[in-house]
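In what follows, a structure is listed as structure tokens, so that the remarks can point back to it.
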Amino acid sequence: MTQTVPPAVPSPLPPARRLMLGLQHSVAMFGATVLVPILVGLSPSVALFGAGVATLLFHLLTRGQVPIFLGSSFAFIAPTALVVKEFGPAAAGGGLVAAGAMYLLFSGLVQVFGTGRLLKVFPPVVTGPVIIVIGLGLSSVAVNQAKEGWGLALVTLAAAVVASLWGRGLFRMIPILVGVVTGYLVALATGQVSREALDAAAAAPLLGLPDFHAPAFDWRAVAIIAPVAVVTFIEHVGDVIVNGRVVGKNFLENPGLSRTLFADGIANMSSAALGGPAATTYAENTGVLALTRVYDPRVLQIGAVFAILFGCSPKLAALLKSLPQGVLGGVSILLFGMIASVGIRTLAEARIDFAHSRNLIIVSLILVLGLGGASFPISVGGTTLNLSGMALAALVGIVANLILPRQHQEVAGEPEGRDVSV
């Protein structure tokens with residue numbers, strides 16, 4: 001098994017730099033984390049607080065080995081919105097707690113049958129293009145944000161690139177934060193920040209607890225929400241692989257997929273128990289890791305503490321919420337592109353031979369169905385859910401890899417079947 005370890009900033013980092021890097025991670029996850037509760041009818045402040053708690057629990061249960069940040073899950077938007085509308089937020093919390101329990105079941109199955117059997121269905125010819133889908137699948141989000149203000153997006157993007165390539169010391173390690181601050185200052189100077197948003201930030205109290213509420217268990221809500229965990233299980237495996245590719249470690253082996261699934265399940269349950277949305281591993285923060293090459297899990301833990309503070313500070317949350325879409329689009333273009341680039345690197349380092357039709361077919365199916373907007377409806381509990389995006393791409397890739405006949409020496413220069421994954 002080959003393993004490429006990217007150069008990382010030496011540890012330990014000075015406390016001030018670690019704080020700035022942690023703040024950068026909080027900024028990277030903020031937009032998506034507050035968007036989900038707004039869409040489904042839950043509290044954004046609870047979502048921020050829950051994301052911080054979920055991330056800290058994940059790090060505790062994985063022994064601080066995996067530099068992952070957990071934020072609001074987009075996969076649960078449709079069923080959660082339906083349950084909130086039909087049965088109320090408490091019932092949605094109960095359904096999301098049940099979905100977290102599904103992760104514990106998956107963890108037990110992996111523990112019994114072993115990760116090795118799973119890895120056989122996730123070779124580089126599958127994981128590489130799936131990682132590309134994860135990054136490029138979010139590209140429309142970045143572009144749509146940038147469309148709201150291309151000037152701000154380009155300024156933000158340029159500032160982040162300059163900081164990453166030519167910055168010195170601290171500035172080189174926090175290019176996303178540099179980009180966001182630069183873009184926001186330009187937006188303020190040119191009058192592109194909403195007056196209503198600034199007034200809301202000024203009027204908001206500095207401190208205040210989020211509006212927590214306990215979950216209520218309704219079998220109808222559980223039947224609608226919990227089965228989505230089957231889809232997010234596939235997303236979890238893909239995200240852990242992506243994170244490992246960026247860091248240069250195999251987290252499926254150490255701390256192990258069973259442990260990361262268990263930790264993700266407990267994290268999901270903790271966020272839902274507080275009244276927030278489901279938590280999931282975030283591609284945005286993996287993009288920050290790829291860009292900064294700082295992989296210290298303690299930085300992510302500091303970011304989680306900042307998320308909790310944002311949840312307890314209506315003023316800070318309102319200020320971040322006032323960020324123009326163009327600024328968010330500028331940093332998103334860079335972050336999501338970095339994720340796709342990791343997928344390309346996966347295929348290159350595995351030396352996949354594209355002279356073989358089998359490899360071409362698997363990759364083409366994953367890319368076209370994952371990025372082309374294909375969607376397959378699944379009826380669960382009287383409602384219809386759609387399997388699409390990364391989850392669909394991963395499922396198609398797994399099935400194609402299992403059923404298509406193997407050809408001799410599909411990996412250039414390597415015997416057939418040799419594991420060249422992370």
Side-chain angles (χ1 to χ4, degrees), residues 22-59 67-78 80-81 84 89 92-93 96 99-100 134 137-138 141-142 144-145 176-177 180 197 201 204 209-212 232 235-236 239 243 264 267-289 299-325 327-329 331-332 335-336 339:
L23 177 60
Q24 179 174 242
H25 276 285
S26 292
V27 171
M29 55 71 69
F30 183 87
T33 294
V34 299
L35 176 62
V36 172
I38 290 173
L39 293 176
V40 303
L42 298 176
S43 167
S45 293
V46 174
L48 287 169
F49 191 98
V53 171
T55 300
L56 292 177
L57 280 174
F58 183 90
H59 281 249
I68 275 180
F69 201 105
L70 282 76
S72 303
S73 173
F74 279 76
F76 287 91
I77 287 178
T80 303
V84 169
L96 293 170
I134 292 174
L138 294 167
V141 175
N144 286 333
Q145 289 175 328
I176 300 303
L177 194 55
V180 169
L209 286 176
D211 185 20
F212 299 121
T232 56
E235 291 183 335
H236 174 92
D239 287 339
N243 195 270
D264 203 345
N268 267 285
M269 296 169 75
S270 69
S271 177
L274 293 171
T280 188
T281 52
Y282 255 28
E284 291 93 329
N285 295 89
T286 300
V288 173
L289 293 176
V299 171
L300 281 296
Q301 294 160 20
I302 291 171
V305 173
F306 273 116
I308 293 174
L309 293 176
F310 291 158
C312 292
S313 177
K315 185 175 289 292
L316 285 174
L319 185 62
L320 283 175
K321 199 172 179 179
S322 70
L323 284 170
Q325 289 295 301
V327 174
L328 296 175
V331 295
S332 295
L335 291 179
F336 300 155
I339 296 298

Revision key, fill the gap. In terms of heavy-atom contacts, F306 and G22 come closest through CD1-C, 4.0 Å
Review point. About how many Å separate OG1 of T55 and OH of Y282, when rounded to the nearest 0.5 Å?
Key: 10.0 Å
Point to revise | For S313, all residues meeting side chain to side chain contact (heavy atoms under 4.5 Å, CB included), sequence neighbours excluded | key: L206, K315, L316
Point to revise | Gap between atom CG of L300 and atom CE of M29 - 0.5 Å precision | key: 11.0 Å
Point to revise | Minimum heavy-atom distance V84-A92, with the two atoms named | key: CG2-CB, 3.7 Å
Point to revise | Results of side chain to side chain contact (heavy atoms under 4.5 Å, CB included) for V34 - residues two or more places apart only | key: F30, P44, L48
**Study point:** Approximate separation, where rounding is to 0.5 Å, of F69 CZ and T33 OG1
**Key:** 6.5 Å
Point to revise | S322 (side chain) donor-acceptor with L319 (main chain) under 3.5 angstrom | key: yes
Check your understanding: Between CG of N285 and CD1 of I176, what distance do you get to the nearest 0.5 Å?
Key -> 10.0 Å
Practice item. Go through V27 and V331 one step at a time and tell me if the side chain to side chain contact (heavy atoms under 4.5 Å, CB included) criterion holds. Key: CA-CA 10 Å; V27 171; V331 295; over 6 Å; no
Check your understanding: Could you state the interatomic distance from CG (L96) to OG1 (T80), rounded to the nearest 0.5 Å?
Key -> 4.5 Å
Practice item. State, with a plain yes or no, whether a side-chain heavy atom of D239 is found less than 4.5 Å away from one of H236. Key: no
Point to revise | Minimal non-hydrogen separation, G50 against L274, with atom names | key: CA-CD1, 4.1 Å
Point to revise | Contact check, side chains of V36 and S73, non-hydrogen atoms, under 4.5 Å | key: no
Check your understanding: For A267, what residues pass the side chain to side chain contact (heavy atoms under 4.5 Å, CB included) criterion, not counting sequence neighbours?
Key -> A54, L70
Check your understanding: Would you say the side-chain atoms of D264 and N268 include a donor-acceptor pair closer than 3.5 Å?
Key -> yes
Check your understanding: If you look at every heavy atom in L56 and Q301, which pair is closest and at what distance?
Key -> CD2-O, 3.7 Å
Practice item. Look up atom CG in L289 and atom CG in L335, then write down how far apart they are to the nearest 0.5 Å. Key: 10.0 Å
Review point. Taking N243 for the side chain and P67 for the main chain, is one N or O donor matched with an acceptor at less than 3.5 Å?
Key: yes
Review point. Of the options S72, P89, S43, which is the one that meets P37 in a side-chain contact (heavy atoms from CB on, under 4.5 Å)?
Key: S72
Exercise for review: Can you see which heavy atom on Q145 is nearest to which on S332, and at what distance?
Suggested key: OE1-OG, 3.1 Å
Check your understanding: Considering only heavy atoms from C-beta outward, does the side chain of S45 approach that of P314 to under 4.5 Å?
Key -> no
Exercise for review: Kindly say whether A51 contributes a backbone atom to a donor-acceptor pair with the side chain of S271 at under 3.5 angstrom?
Suggested key: no
